[in-house]
Each structure stands twice: as structure tokens, then as C-alpha cells.
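To keep things clear, I will list the structure first and then write my remarks on it.
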Amino acid sequence: MSIETFCGMAPVIPVLTVDDAATAPDLAKALVAGGLPVLEVTLRTPAALDAVKAMVAAVPDAVVGVGTVMNPADMAASAVAGAKFAVSPGCTDAIVAASKAEGVPLLPGVATPSEAMRATEHGLEILKFFPAEQNGGAPVLRAWAAPLRRIRFCPTGGVSPSNAPDYLSLPNVVCVGGSWVAPKDAVAAGDWARIEALAREAAALPRG
Ligand code: 3PG
């Protein structure tokens, strides 16, 4: 499946930083039950790849990808863990080549029109706008819609329930990414009901 398919499955991709892989299946189940099947597990903790494996094994309805993919070694490890897609803060030639070599579709980060244009030279037309709020937020994507007309975005970074509707109303936004649906304290407490409720609210956000 393609990045376009994954980004079309729900309005929000939860960005997850997992400290304990033992929590991963319940976390994924709660998010999927709330209506968010596409999950990004960031490679920021030693538990990340085990968390991906645990989610893939225990929650077949989840579409589990890996985030914070920085180099070809990260991409290879993600493929072995069973990641269906990869998200990167940036877009380098090496990461694009690794995505193609491993057969793991890439959602690369960009913050300027030139970076977005370079990504299209690699055939990538769905990109992460990162970090979205810090780079000007929805008004910037609105201004890019006409000149960068074939490119669509998943803004991520500083996105919250209050500003997500502004992004999701734009024609060049396919979905948003954000960590707010899985607060650290809720994960630590095993409060899966709260996470499912947050996911349900996020899944109900209107698009377009
Ligand atoms: C990140 O950098 O962790 C992601 O972009 C998510 O950002 P957020 O925590 O602001 O949603």
C-alpha cells in the first residue's frame, strides 16, 4: 500500500514514543478501537522496534509505521520489524534510496518549497510539513496550495485538537500527525479508555 492510502485511512496519525514495548499492544488496540488504525512509532527509545514488532503481531488491524527514520540503517531495521511505512524529519537522497531498496514507502519531512520540490524529483508527492506550527502552520500550507499544486501534506509538530481543523480544512492536507492522542501519563497509567476516547475524538475530525 502507498503513503496515499495510509494517509487516507484516518484524519490523524498518532505519533507514538514508546518507553516499554510491553505497553505497545494495548496502546495500539486502544487507538485502533477509537478509529485511528495508522500508527507511527518513533525510533526515539530503545523499545521502539520491539514495540513495532509487538503491535504488528498483536494488532492485525493496525497499520504500523516507524518515525524519526534518520538513515538507511534505521530504514532497514524498520523493514525487519515489519513497518508498513517510514516517516522522517527530513528528506535526504540516502533515505529516499533506502525506502526504495527496502520497499518501505516514505513520508519525508519538508519545511520549504525547495525541499518539497526536491522530494517531487524523487517521485514523492505526499510530504510531511515539519514542524508544522513552528514553521507557520496552516497559513503557510494555504499559501503553498496554488504554486505547489500537486503536492499534499501531512502537517506534524505542534498539531492539537484546537488547530487540527484548520489544517484538515485545506485542500492540500491529507491528514495530520500528532502525539496528543497518546499522552505519556495515560500510557504510563495504562489508561487505555482515555486513549481510546482521545482517538475517537480525533477520528471524528472532519476533512476537506
Ligand atoms: C514529534 O516531533 O514528536 C512529532 O512531530 C509530534 O509532535 P507533537 O508532539 O507536537 O504532536
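Every heavy atom of this structure was used, including side-chain atoms; hydrogens, water molecules and symmetry mates were not. Since we're looking at a predicted model, the values are computed, not measured. Order of appearance sets the numbers: ligands from 1, and atoms from 1 within every ligand.
Partner Y167 forms a side-chain contact (heavy atoms from CB on, under 4.5 Å) with one of R142, E133, R207 and no other, that one being E133. With V38 as the fixed residue, the side-chain contact (heavy atoms from CB on, under 4.5 Å) test singles out one of L31, V12, T5, I13: I13.
Classification of the F129-F153 ring pair by plane angle, with boundaries at 30° and 60°, yields perpendicular.
At most 12 heavy atoms of other shown residues, nucleotides or ligands fall within 6.0 angstrom of atom CZ in R118.
D19 and R44 are not joined by a salt bridge, as no carboxylate oxygen comes within less than 4.0 angstrom of a charged side-chain nitrogen. Using a cutoff of 4.0 Å between basic side-chain nitrogens and carboxylate oxygens, K29 and D61 are not scored as salt-bridged.
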Distance dump, ligand 1 polar atoms to protein, N/O, under 3.5 Å:
| unit_1 | atom_1 | unit_2 | atom_2 | d |
| --- | --- | --- | --- | --- |
| ligand 1 | 2 (O) | R44 | NH2 | 3.2 |
| ligand 1 | 3 (O) | R44 | NH1 | 3.0 |
| ligand 1 | 3 (O) | R44 | NH2 | 3.1 |
| ligand 1 | 9 (O) | S179 | OG | 2.5 |
| ligand 1 | 10 (O) | G158 | N | 2.7 |
| ligand 1 | 11 (O) | S179 | N | 3.0 |
| ligand 1 | 11 (O) | S179 | OG | 3.3 |

